[in-house]
Structure formats: structure tokens, C-alpha cells
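Reminder, nothing fancy here: chain letters follow the sequence lines and each chain counts from 1. Note that the structure is predicted; figures quoted are calculated from it, not measured. Values below: all heavy atoms of this structure, side chains included; hydrogens, waters and symmetry mates excluded.
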2 protein chains.
Amino acid sequence: MSQIPLVRRSPVPPDTCNLAKAIDLIGDRWTLLILRAALYGVRRFDDFQSELGCPRTVLSGRLKKLVDAGLLTKKSYKAPGKRARPEYVLSAIGLSLRPILIGLTQWGDAWLGQGEAPPISFTRAGSKSAIRAAFVDVEGREVRPDQIRPVLRG
Amino acid sequence: MSQIPLVRRSPVPPDTCNLAKAIDLIGDRWTLLILRAALYGVRRFDDFQSELGCPRTVLSGRLKKLVDAGLLTKKSYKAPGKRARPEYVLSAIGLSLRPILIGLTQWGDAWLGQGEAPPISFTRAGSKSAIRAAFVDVEGREVRPDQIRPVLRG
DNA sequence: CTGGATAAGTTCGGTTTTTAAATCCAGCCT
DNA sequence: AGGCTGGATTTAAAAACCGAACTTATCCAG
């Protein structure tokens, strides 16, 4: 139960913090659900739409925003006998959100799952035991939460 | 450039997925910023308000939601010579979001920081080298992103 | 060549949320 | 008592959201 000491203000004001920028960009319901679907392999407008059940107008705007920000790349696919259509593929930037969304999935499994077995879990390739989100040092060794220290200014 | 294979639907529909539940709960701009501040040690209504600059009515509603969900605990503090007031302290559930928010901070540093040095970073206590969010197996050893495999049904 | 099917968006109203500002409220202080 | 202060609620305007219908462009069948 390591308490965080009381402060009146966070050490980094929200407008210079990159977390705040990230929240601005992807911190809304639909955008996160779009990224979730994209990480599972969804790429097409109508597939996103029927997966999310959101208004097409909202989807259209969000996809545009994600493409502008470079998380998604708009390419073109052509099913044989069909006309070419755009598809939205994750870029390296978007792909690098995967650990975060998996971490959030596991957080949800742990606290929001009402005791049910999680519908999806994650393992290392070729292994059966589950992996989890955590911190590691430069050598890839785990750092426990109470060992973490923030350092200001670079 | 490991491509994710195309699918028309994600393997776990959003309404049974705990990620979707998590997004429902904390996936909006203000809630995430509240949690950010709370993780830095902010606890009081007016401190949250002046930190975020959000409408008090929204803050009030969001705090209530987070308390109901068990991420925050409403306690009471009393400065000497002042009346008792509530403070909003992170519970174990809320605290366990820390890796995710730090991960998102670092994602923002990497992609949204425009080449500037990050204003805040994190180290292991007593060390100077940075830590980062990652995945570990049961033994606490890092699992690289391309080694991660989803497994359905528990 | 014409008509139908299909996927990707856009347009258009009406409804719900946000926002910002003013107001209320309770308790400790002098 | 009366002011002060930290929270919370009310209100009206602005913004975002929603669903359904509509547009556009291409391919295919007849």
C-alpha cells in the first residue's frame, strides 16, 4: 500500500507533458476502439463500422485524424472482381501502442472481469504461460512498481 | 514490419472484451488526465481543477464515476485550523494503472515529442538508467513484441 | 450499354454531452 | 454573527454525437 505523497500540482504541467498530448490524440472512446480493432487486423471502413457500431460520420473523422497523425496509413486494396478501395493499416507508430492496449486489456481482466476467465490472453510464442505488462530496466529485467522513481528534466 | 493479417471482425467482440470495458470507464480525455494527476499525488478537488482546467461540473462527475468504480477512494483530510474535506486517493485498482500511463507517456515522448528531450523519465531506485514499459513472462524476463501471441478462451 | 450491387464516404436533422460561469452550501475561523 | 473556503449544483450556449438517408464510383450481369 505504498502511498503517493500529496502534491498540489503535478511536476510536469499537462500542456508540456507528452502523456497529455497522447491523451489528446487517442484518449477517446471511439479512437481507442478503432485502434483495438486495427490491432486485431481490421482494416476496412465498413468492418470498423460494424465492429464498433459507431456513426459513420464519427468513424470517418477519427480515421482521418489517425491518418493525419501517422498512426494509420491509408493504402488501397483490390479484391479480385471488385473495385479498389482504401484500407487503413497500422504504421509503426500505431503498432507500438500494442503493449499499452494489451496492458489495459489485462487491467480490465483483473479488475473489471467479474471473476470470469478473460476471453483472450497473451503468451510468449511457443510457451503456454501468460505474460503481463511491467517495467524493465535496460537489461530487460523487471523493475517492481515500488522501485520506480520519476526523474525530471530529461 | 510484421503485418497483422486482415480480419473482418476482431476475435473478441467489444462488448465481452474487458479492454472495451476499460475504455468505457477511463477512455476519455478528462478521466485519463485525472488519473495522471492522481498518480503524481494530486488529491483535492480544487487541485485537480486548477491542474486540468476542466469545468467543475465535469470534474465532479468524473470523480464520482471513478469512486464508484473503485479506482479512487474518498477519504477525508483535515488541515489544522481548517474544516475536514474529502480527498481522492488512488486505490490498488487505480495504482495498478501506473504502468499503462507511464507506457503511454513514453509512447508520447517517442512519437509526439518533436525531438525534444522528455520532461520526465523513470528509473529504478538507486539507478540512473531509464526503465520502460514492456512485457515479462512469469519469471520477470522481457518478452519482445514480436514474440507475443494471443490465445482465445481463457 | 444499361441496370444493379457494393463499399466508402457525406449530408442532414434532432438529441445528448460539454462547457463556462454563476450560484449555492456547509463548516471552521475570528 | 459574519466572512472565508473548498466543494458541488444549476443554467444556458456551444459542441459533439447519433441514425438514417443520400451520393459517388466502380465492377458485373444481361
- Query: Are A/R56 and A/D46 close enough for a salt bridge, meaning some N to O gap below 4.0 Å?
  - Reply: yes
- Do A/Y77 and A/R43 meet the criterion of a side-chain donor-acceptor pair at a distance under 3.5 Å? no
- Item | Distance in angstrom units between A/Y88 OH and C/dA7 P, rounded | 15 Å
- Message: Quick check: any donor-acceptor pair below 3.5 Å linking the side-chain of B/R85 to the base of D/dG7?
- Response: no
- For B/R29, which contact category applies under a 4.0 Å heavy-atom criterion: base, sugar-phosphate, or nothing? nothing
Could you pull out every donor-acceptor pair under 3.5 Å between side chains of residues 103-113 of chain B and any protein atom, sequence neighbours left out?
residue, atom, partner, partner atom, Å
B/T105, OG1, B/L101, O, 2.7
B/Q106, OE1, B/A133, N, 3.4
B/Q106, NE2, B/I131, O, 3.1
B/W107, NE1, A/I93, O, 3.2
B/W107, NE1, A/S96, OG, 3.1
B/D109, OD1, A/N18, ND2, 2.5
B/W111, NE1, A/S96, OG, 3.0

- Message: Measuring to OP1 and OP2 of C/dG9, would you say a side-chain N or O of A/K74 lies under 4.0 angstrom away?
- Response: yes
- Along DNA chain D (nearest heavy atom to each residue), the more 5'-positioned of A/V58 and B/S60: B/S60
- Item | Distance below 4.0 Å between B/Y77 side-chain N/O and D/dG7 OP1 or OP2 | yes
- Note on the structure: A/V12 and B/R36 have their tightest heavy-atom pair at O-NH2, 2.6 Å
- Message: Rounded to whole Å, please give me the gap between CH2 in A/W30 and P in D/dG19.
- Response: 8 Å
- Note on the structure: Of all heavy-atom pairs linking B/R98 and A/F135, the shortest is O-CZ, 4.3 Å
- Note on the structure: In whole angstroms, the gap separating P of D/dC4 from CG of B/D46 amounts to 17 Å
- Message: Considering every strand and a 4.0 Å limit on heavy-atom distances, what is the contact class for A/F48: base, sugar-phosphate, or nothing?
- Response: nothing
- Note on the structure: B/R43 atom CZ is separated from D/dG7 atom P, nearest whole Å, by 13 Å
- Item | Below 4.0 Å: OP1/OP2 of C/dT10 and any side-chain N or O of A/K64 | yes
- Item | Protein-nucleotide distance (B/R8, atom CZ; C/dT6, atom P), rounded to Å | 12 Å
- Query: Any idea which of C/dT11, C/dA8, C/dA21 is nearest the A/T57 side chain?
  - Reply: C/dT11
- What about B/R44: does its side chain form a donor-acceptor pair under 3.5 Å with the base of D/dG7? no
- Note on the structure: Here the distance between atom C1' of C/dT19 and atom CG of B/L59, to the nearest Å, is 13 Å
- Message: Using only modelled atom types and a 3.5 angstrom limit, is any donor from either the side chain of B/R83 or the base of C/dA26 paired with an acceptor on the other?
- Response: yes
- Between A/C54 and B/D47, the residue closer to the 5' end of DNA chain D by nearest nucleotide is B/D47
- Message: Using whole Å, what does the distance between atom P of nucleotide D/dA15 and atom CG of A/D28 come to?
- Response: 18 Å
- Query: A/L52 has an atom CG; how far is it from atom P of C/dG9, in whole Å?
  - Reply: 15 Å
- Give a yes/no answer on whether the side chain of A/K78 brings an N or O atom under 4.0 Å of OP1 or OP2 in C/dA7. no
